[in-house]
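Just below is one structure, and these are the notes that go with it.
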2 protein chains.
Amino acid sequence: MTKATTAPIEPSATIADRIFDQLRQAIVEGSIPAGSKISEPVLAARYGISRGPLREALRRLESIKLVERRANVGARVIQLNSDQLLEIYDVREALEGMAARIAAERMPDEAIDEIKRLLAQHRGEIARDDWQTYFQEEGDLDFHFRIVQGGGNQRLFDILCNDLYHLARMYRCQFGMRSERARDALKEHELIVDAIAARDGELAEWLMRRHIRASREAIARRLVPQTGR
Amino acid sequence: MTKATTAPIEPSATIADRIFDQLRQAIVEGSIPAGSKISEPVLAARYGISRGPLREALRRLESIKLVERRANVGARVIQLNSDQLLEIYDVREALEGMAARIAAERMPDEAIDEIKRLLAQHRGEIARDDWQTYFQEEGDLDFHFRIVQGGGNQRLFDILCNDLYHLARMYRCQFGMRSERARDALKEHELIVDAIAARDGELAEWLMRRHIRASREAIARRLVPQTGR
DNA sequence: TCAATCCTGATTGTCGACAATGCTGCAGAT
DNA sequence: ATCTGCAGCATTGTCGACAATCAGGATTGA
C-alpha cells in the first residue's frame, strides 16, 4: 500500500512542521480525542518544545479545520457531527466529479495503467474475503487520491488531499465505520477507470458523482436511520 | 452595495487578526505587488507591531494561498499565472454548481426574494450604461456569495468565500479586467435564480456551471488568444 | 433561594533576544 | 576566465518572560 495520502517525513524541516504532522496524525487517529480542549503549555511540555512552534502548528491545524480556536479562550479539537460529514460528501461529490472529468481529459496513459494495476490488487484483497477492511478503506482513499492527482489541477488537489481526506479518515477512525460496500465500491471504481481510459470525461464525472453519492447515502443510512438528511 | 465578501471589522480582535485583514486587502488590491518578497522585520516595523502577530498573519495568508513561504528563506506574495486562474475556474464550476443545486433545495424563500431584488438593482445599474464596471463586478461576486450562503453548507462557503473569491478579486485588481460580459452575465444570473425559485436543483446546477464556464472561456480567450488549453 | 458582582486563577496574546539556517560576495585555484 | 570554497551578513526559527483577557467560583445582597 503506497503511503499516498501521507506526506513523506522531511527529517530536518522546521519544528513546527514536525509537530503539525504529529498532531494531525494524533487527531485523525483519535489519540487526541475529538472535542477535547488543547492547552498550549501542556502540549508544548509533552512534546518538549516551546509554545512558539506549537502555536504555529495549531494555526495550521485550524486552517485545515481540524481544530477550532477562539481568541483568548483556546483551541479544541473539532467535534464531528453527522451534518458536517454529509456536507463534506456534497463537496467531495462536486470536486471529485470535476477531478474525474479532468483526469479523463489529461491523465497520462501510464498513470491510468497504474490505477488499473492498483484495482486488480484490490480485487485480490477483497477476494480473500475477511481481509482487514482497514486496508480496503485505505485503498479506497488511494484510488481517489490518484484520480485527483492525475488531472494536475493543483488547487483541486490541495482542497481534497490536504483537508477533506483527513476528515474522512478521522471519521473512520472515530466511528470505526467499515463499509460493507467494499465490493460495490470496487466495481464502481473500475467503471470510473474505464471511462477515464476511454477519455470520456462526461461519463467519468457522472460515474464518480454517483459513486460518492452512494457512499454518502450508505453513511446517512447508518447515522440516522429515520432520515436521509 | 452590501459588503458581503468583506468581513465586518471586529475592533478589539487580536492584533494578528487585524494585520491579517489589512495584509489581505493590500495584497488583493495590489498595494503590495504580486511576487514581491516579504520581510518580516520591515513589515512588522511598518505596522508598528512585533514579529509574533505578523508571523501568525503570514501563516494565515499562506493557508489561503495568497503568499508562499519556504523555511528559512522567507515569504513572497503569490505570483498569479494564467494556468492557475483557469484551475480556479474549474474548481468554482464544480463547487458553485453544487451550491446552486443545494440552494434550490434548501434556500429560504425570503433569501430568494432578496436576490431577485438584488438582480433588479443590477439591471438598473447596467441600464445606466457606462456606470463603473467596478461595481458591476462587485455585484457579480455578491450574487455568487448569496447563492453559496443560501444553501447553508458551511464548508462549501468557507472554500469559496475565504479562498477563491479573494483570488478572483486579486486578478481583477491586478489585470484590471473588466468584463464586457456584464449583460450576458446578468441574464444568466436571472435564469439561475428562476431555477432556484422553481426548486429545480438539477437545472440550477447546470445553468450555474454553464455560467462559470462562460466566464472561464471569456478569460481564457483574453489571456492567450491562440489557445483555450 | 436565587441572582448579580467581584475576585482569583489560569490561559492566551504579545514582545524582545538569541540561535540556526540560507544567501551573497570575494579570494584563490585550476 | 570560470569555478570552487569560505567568510560575513541578513533573515528566519525558536525560546522564555510579561501583559491582557476570559472562565469559574465565592461572596453578598435582595
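Just so you know, these numbers come straight off a predicted model, no measurement behind them. Scope of the values below: all heavy atoms of this structure, side chains included, with no hydrogens, waters or symmetry mates. First the proteins, then the strands, lettered A, B, ... as listed; each starts at 1.
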- Query: Without hydrogens or angle criteria, can the side chains of B:Ser63 and A:Arg60 be said to hold a donor-acceptor pair below 3.5 Å?
  - Reply: no
| Just checking A:Gly74: base, sugar-phosphate only, or nothing, at a heavy-atom cut-off of under 4.0 Å? | sugar-phosphate
- Any side-chain N or O of A:Thr14 less than 4.0 Å from the OP1 or OP2 oxygen of D:dT14? yes
Quiz item: Going by atom types alone, do A:Arg76 and A:Ser36 pair a side-chain donor with an acceptor below 3.5 Å?
Solution: no
Exercise for the section: Ignoring backbone atoms, establish whether B:Arg76 has a side-chain N or O less than 4.0 Å from OP1 or OP2 of D:dT11. Expected result: no
Among the nucleotides C:dC15, D:dT12, D:dC22, whichever has the atom closest to the side chain of A:Val73 is D:dC22
When rounded to whole Å, the CG to P distance for the pair B:Leu58 and D:dT12 reads 9 Å
Within the distance-only criterion (no hydrogens, no angle test), does the side chain of A:Glu87 pair as donor or acceptor with the backbone N or O of B:Gln154 below 3.5 angstrom?
yes
Could you tell me whether A:Arg146 and A:Asp142 make a salt bridge, using a distance below 4.0 angstrom between a side-chain N and a carboxylate O?
yes
Looking only at side-chain N and O atoms, does A:Lys37 come under 4.0 Å of OP1 or OP2 in D:dA23?
no
Overall bend of the helix from C:dT1-D:dA30 to C:dT30-D:dA1 (five pairs an end, 10° steps) is 20°
Heavy-atom nearest nucleotide on DNA chain D taken for A:Ala71 and for A:Gly48; more 5' hit belongs to A:Gly48
OP1, OP2 of D:dC15 versus side-chain N and O of A:Arg51: anything below 4.0 Å? no
**Asked** Is A:Arg59 paired with B:Glu56 through a side-chain N to carboxylate O contact shorter than 4.0 Å?
**Response** yes
To the nearest angstrom, the CZ-P distance between A:Arg59 and C:dG13 comes to 9 Å
A:Leu43 atom CG is separated from C:dT11 atom P, nearest whole Å, by 12 Å
In whole angstroms, the gap separating C1' of D:dT12 from CD1 of A:Ile15 amounts to 13 Å
Ranking C:dC15, D:dT12, C:dG13 by distance to the side chain of B:Glu40, first place goes to D:dT12
B:Glu56 CD to C:dC15 P, in whole Å, measures 12 Å
Base, sugar-phosphate, or nothing: which does A:Ile19 touch, judged by heavy atoms less than 4.0 Å apart?
nothing
Rounded to whole Å, CZ of B:Arg69 lies from P of C:dG22 at a distance of 15 Å
note: B:Ile49, atom CD1; C:dG16, atom C1'; distance rounded to Å ~ 14 Å
Taking D:dG13, D:dT21, D:dT11 as options, the one with an atom nearest any side-chain atom of A:Asn72 is D:dT21
**Asked** Closer than 4.0 Å, any side-chain N/O of A:Arg70 to the OP1 or OP2 of D:dA23?
**Response** yes
In plain terms, say whether A:Arg209 and B:Glu205 are close enough for a salt bridge, that is, a side-chain N and a carboxylate O under 4.0 Å apart.
yes
Picking from D:dT12, C:dG13, C:dC15, the nucleotide nearest the side-chain atoms of A:Arg55 would be C:dG13
*asked:* I'd like to know if the side chain of B:Asp140 pairs up with that of B:His189 as donor and acceptor (distance under 3.5 Å, no hydrogens or angles considered).
replied: yes
*Before accepting this row, confirm whether a basic side-chain N of the pair A:Arg155/A:Asp158 lies closer than 4.0 Å to the acidic partner's carboxylate O.*
no
